[in-house]
Structures are given as C-alpha cells and as structure tokens.
Amino acid sequence: MAAVLRRVRPVLQAPWRVAAWHLPHCGARQERCFSDFITASDEGTGRLRLAFAAACLPHPEKVEKGGEDGYFACPARRAFGVADGVGGWADNGVDPGLFARRLLQLCLEGIEEQSDLHEALLGQLDGSTMGILNLGDSGAMLLRPALRTPPQSDSPLLFPRVVFRSCDQTHYFNCPYQLGSGNAPVEAPDFIRVRVRIGDLVVAATDGVFDNLFDHQVQAIVAQQLGKAWSQGAPVTPHLNGLATSIAKQAQRIGQQEDHKDIITPFALAAHSEGLSFRGGKLDDTTVVVGLVCSDTGEGGPGDQALLNNF
C-alpha cells in the first residue's frame with residue numbers, strides 16, 4: 001500500500017472522491033447458472049475472475065472534456081475502481097476530471113507493479129474474498145441471483161438480492177469525504193471484505209448513478225438485463241455491456257429531470273433528512289463498472305479480456 005500511495009501523492013492537487021475494489025485469488029467452485037445453490041461440495045482449489053463491462057456518460061455540459069469521472073477495470077489483476085472529481089475545484093483552475101483519471105491511472109500502475117497484491121491499495125487477497133476500499137460517496141453493490149416470488153404469483157423467479165452495499169461517507173449533505181493536497185486531516189476510508197461466489201455481480205458507480213437511482217431500481221435493471229439468461233442457464237457475460245449502459249443511461253435520464261417536483265431520488269431524500277428542500281433529479285456524470293464473478297478456467301479468462309478505462 002505504501003508503494004501505491006507514493007505514486008498517488010504527487011497528483012493530490014485537489015480533493016477527490018473514490019471507490020475502488022479488488023477481487024483476490026479465490027477458491028474455485030463448479031460453475032452454476034446462479035450461485036445461491038452452491039454447496040460445500042463445490043469448494044475447489046482453483047481461482048475466480050471478474051468479467052467486466054463499463055459505461056461512462058459525461059454531464060451534457062462536460063462532454064467535450066470527457067466529464068469529471070474516472071474508471072478502470074483490469075481483468076488481469078481482477079481489480080477495478082471509479083473516481084469522481086470534485087466539480088467545485090474547476091473554479092480554481094483545476095480540472096477535476098483530469099485529476100480523477102490520473103489518480104486511478106497511478107493506482108492501477110501501482111497494482112500492476114506489485115508482485116504481492118496483499119500490498120495493493122485497491123484490495124487484499126484473502127481466499128474467496130473481495131476487498132472493497134471506499135472514500136466518499138461513490139458506491140458499490142454486490143448482488144447475488146436468488147429465487148424470489150413476485151406478488152400474486154406462485155412461480156419464483158431469479159432476482160438479484162443485495163449481499164453488500166457500501167455506505168456514503170459525508171461531513172454533511174452533499175459534502176463527501178475527500179482527499180487533497182492541503183493540510184486538512186484526511187478521513188480514513190472504509191475497507192470491507194466480502195466473500196463472493198460464482199455468479200455474483202458487483203456494481204460500482206459514482207454518485208451520478210447512486211444519487212439518481214435507488215438500490216431497488218438498480219436491482220430491477222439487473223433483473224431485466226440478466227433475468228432471461230439466468231432462467232435459461234445461458235451465458236451472462238454477453239449481456240454485461242448492455243447492463244452497464246442501461247444503468248448509466250437510466251441514471252442520466254432521471255438526472256435530467258431536475259425541475260420535475262414529482263421525481264423523488266436518493267439525493268432528494270438525503271437533502272430532506274437534513275432539513276433541506278430538494279426535488280427532482282441531479283444531473284451529473286454517470287459512470288458504472290459491472291463485474292461478474294466467474295470461474296477462472298477455460299476460455300475467456302483474464303488474459304483474453306482488455307483493460308477498460310477512460311485515462
């Protein structure tokens with residue numbers, strides 16, 4: 001971790017918000033169409049990997065400069081991250097987008113140079129465990145397909161239940177924990193370890209997504225995009241690009257409804273909880289990385305997948 005921090009420190013010219021994750025080497029299990037029915041007999045000695053997809057839609061007024069979010073997804077290192085540049089620093093001549101992307105680039109370089117990923121900033125290897133490092137109000141959800149019976153129905157369907165959800169870190173409303181080059185004390189990030197299974201899906205996104213979409217709305221999009229493949233036992237990986245794009249587009253669609261007082265969003269509820277009045281969407285960059293936990297055997301392994309990023 002010290003090695004990665006030494007790389008990151010030179011670019012700390014403005015505050016930032018980041019959520020980043022790393023999937024460790026894990027005990028393998030036989031592949032199933034969905035993971036809730038994996039038993040102890042499925043334990044193995046192999047490894048797991050992440051199949052990735054990503055989408056990044058800049059704020060309409062920031063398209064020419066690529067927005068102010070950063071992301072990467074590295075199949076070879078089973079690592080990924082998202083970062084949200086703090087827009088207010090543009091008033092001081094700092095490009096928040098360049099900062100966020102450069103920060104993640106240095107984090108990725110630090111991971112790639114580590115022979116022992118236990119020292120990586122973005123995660124820690126520990127059996128079948130995913131390490132999650134989070135600072136600020138970007139976020140992550142770990143979803144697992146499970147049987148759920150809809151209302152007025154006797155037929156259970158596969159629906160993604162929430163296994164883990166990160167929590168925002170804020171000083172007060174709309175002021176998340178940030179990291180900068182000033183003398184202000186740096187808040188400690190959250191570091192969480194979560195056990196994963198084949199078939200689990202991690203959704204990592206900046207606040208432009210989670211300010212506009214409730215968790216149950218993200219779950220519904222996942223079910224809509226992946227439900228048919230789950231029920232048929234078909235490969236899920238081909239649908240990941242469509243899933244990432246659908247989440248980003250829906251978040252931006254709601255964000256564009258800033259003047260619609262009948263629209264209730266997570267951002268609006270957060271404002272209300274602190275006695276502030278806000279209704280409608282919150283237009284912002286919307287960036288999402290999705291990762292499907294797979295068995296690292298056969299074709300389509302990490303070496304066959306390209307690095308995804310907007311550096």
Side-chain angles (χ1 to χ4, degrees), residues 21 23 26-44 48-55 73 80 128-130 132 139-167 194-205 209-254 263-266 269 286 288-298 300:
W21 299 262
L23 177 70
C26 303
R29 303 177 175 88
Q30 297 175 8
E31 267 203 70
R32 300 293 181 91
C33 300
F34 43 90
S35 62
D36 258 14
F37 301 103
I38 293 176
T39 65
S41 63
D42 295 314
E43 296 287 351
L48 301 180
R49 66 180 177 88
L50 281 173
F52 286 116
F80 61 101
S128 57
T129 301
M130 180 182 292
I132 298 176
M141 302 174 66
L142 182 67
L143 304 176
R144 180 168 296 163
L147 291 175
R148 182 178 179 86
T149 303
Q152 301 179 346
S153 173
D154 295 327
S155 302
L157 302 174
L158 284 170
F159 189 83
R161 68 180 181 87
V162 178
V163 176
F164 167 80
R165 173 65 160 93
S166 63
C167 296
V194 185
R195 183 165 179 166
V196 299
R197 298 176 177 179
I198 294 171
D200 286 354
L201 182 80
V202 62
V203 179
V209 172
F210 288 120
D211 279 346
N212 289 296
L213 294 179
F214 289 98
D215 290 355
H216 68 85
Q217 292 174 303
V218 176
Q219 291 173 271
I221 295 173
V222 172
Q224 181 183 38
Q225 293 291 319
L226 305 185
K228 186 175 181 179
W230 281 339
S231 63
Q232 296 178 347
V236 173
T237 304
H239 303 279
L240 294 181
N241 283 324
L243 172 60
T245 300
S246 293
I247 294 174
K249 284 186 174 181
Q250 181 62 11
Q252 189 177 80
R253 188 176 299 116
I254 294 176
I263 298 293
I264 303 297
T265 61
L269 289 186
T286 58
V288 58
V289 174
V290 297
L292 178 71
V293 180
C294 308
S295 175
D296 190 6
T297 58

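Computed from a predicted structure; not experimentally measured. In this chain, numbering begins with 1 at the start of the sequence shown. Hydrogens, waters and symmetry mates are skipped; everything else that's a heavy atom, side chains included, is used.
- The backbone N or O of N212 sits nowhere less than 3.5 Å from a side-chain atom of T265 that would complete a donor-acceptor pair.
- Nearest heavy atom pair, residue P160 against residue Q219, reads O-NE2, 2.7 Å.
- Within the 4.5 Å cutoff, side-chain heavy atoms of L240 are placed close to those of L201.
- Taking each heavy atom of S246 and Q225 in turn, the nearest pair found is OG-NE2, 3.2 Å.
- Counting only distance, with no hydrogens or angles, the side chain of S231 and the backbone of K228 share a donor-acceptor pair below 3.5 Å.
- Every residue two or more places apart in sequence or in another chain that forms a side chain to side chain contact (heavy atoms under 4.5 Å, CB included) with S153 is listed here: P150, S155.
- Of the inter-residue distances, the one linking T245 atom OG1 with Q250 atom CD reads 13.0 Å to the nearest 0.5 angstrom.
- By the neighbour-count criterion of 12 heavy atoms within 6.0 Å, atom CZ of R165 is densely surrounded, having more than that number from other residues, nucleotides or ligands.
- With rounding to the nearest 0.5 Å, the separation of CG in D211 from OG1 in T286 is 11.5 Å.
- A244 and V288 make their closest contact through O-CG1, 3.2 Å (heavy atoms, listed as atom of the first residue, atom of the second, distance).
- Although no hydrogens or angles enter the test, the distance criterion places a donor-acceptor pair under 3.5 Å between the side chain of S166 and the main chain of A140.
- Atom CG of L158 and atom CD of Q232 lie 11.5 Å apart (nearest 0.5 Å).
- Contact between R49 and S295 at its shortest, heavy atoms only, is NE-O, 3.5 Å.
- The side-chain heavy atoms of M141 and V162, taken from C-beta on, include a pair separated by under 4.5 Å.
- A pairwise comparison of heavy atoms in A51 and C294 identifies CB-SG, 4.0 Å as the closest pair.
- When each of R144, R195, M130 is paired with D200, the side chain to side chain contact (heavy atoms under 4.5 Å, CB included) condition holds for R144 and for no other.
- The distance from the CG atom of D296 to the CD1 atom of I198 is 10.0 Å, given to the nearest 0.5 Å.
- Counting heavy atoms from C-beta on, the side chains of V222 and W230 come closer than 4.5 Å.
- For the atom pair CG of L213 and CD1 of I254, the computed distance is 5.0 Å after rounding to the nearest 0.5 Å.
- Rounding to the nearest 0.5 angstrom, the gap separating the CD1 atom in I221 from the CG atom in L226 is 11.0 Å.
- At a threshold of 4.5 Å between non-hydrogen side-chain atoms, the residues L50 and F52 count as touching.
- For the pair R197/V163, no side-chain contact is recorded, criterion being any heavy-atom separation below 4.5 Å from C-beta on.
- Scanning both residues, F80 and A204, for their nearest heavy atoms gives CE1-CB, 3.6 Å.
- Taking the side chain as every heavy atom from C-beta outward, I132 and L142 never approach each other to under 4.5 Å.
- Inter-residue side-chain proximity for D154 and T149 is flagged as unmet; no heavy-atom pair is nearer than 4.5 Å.
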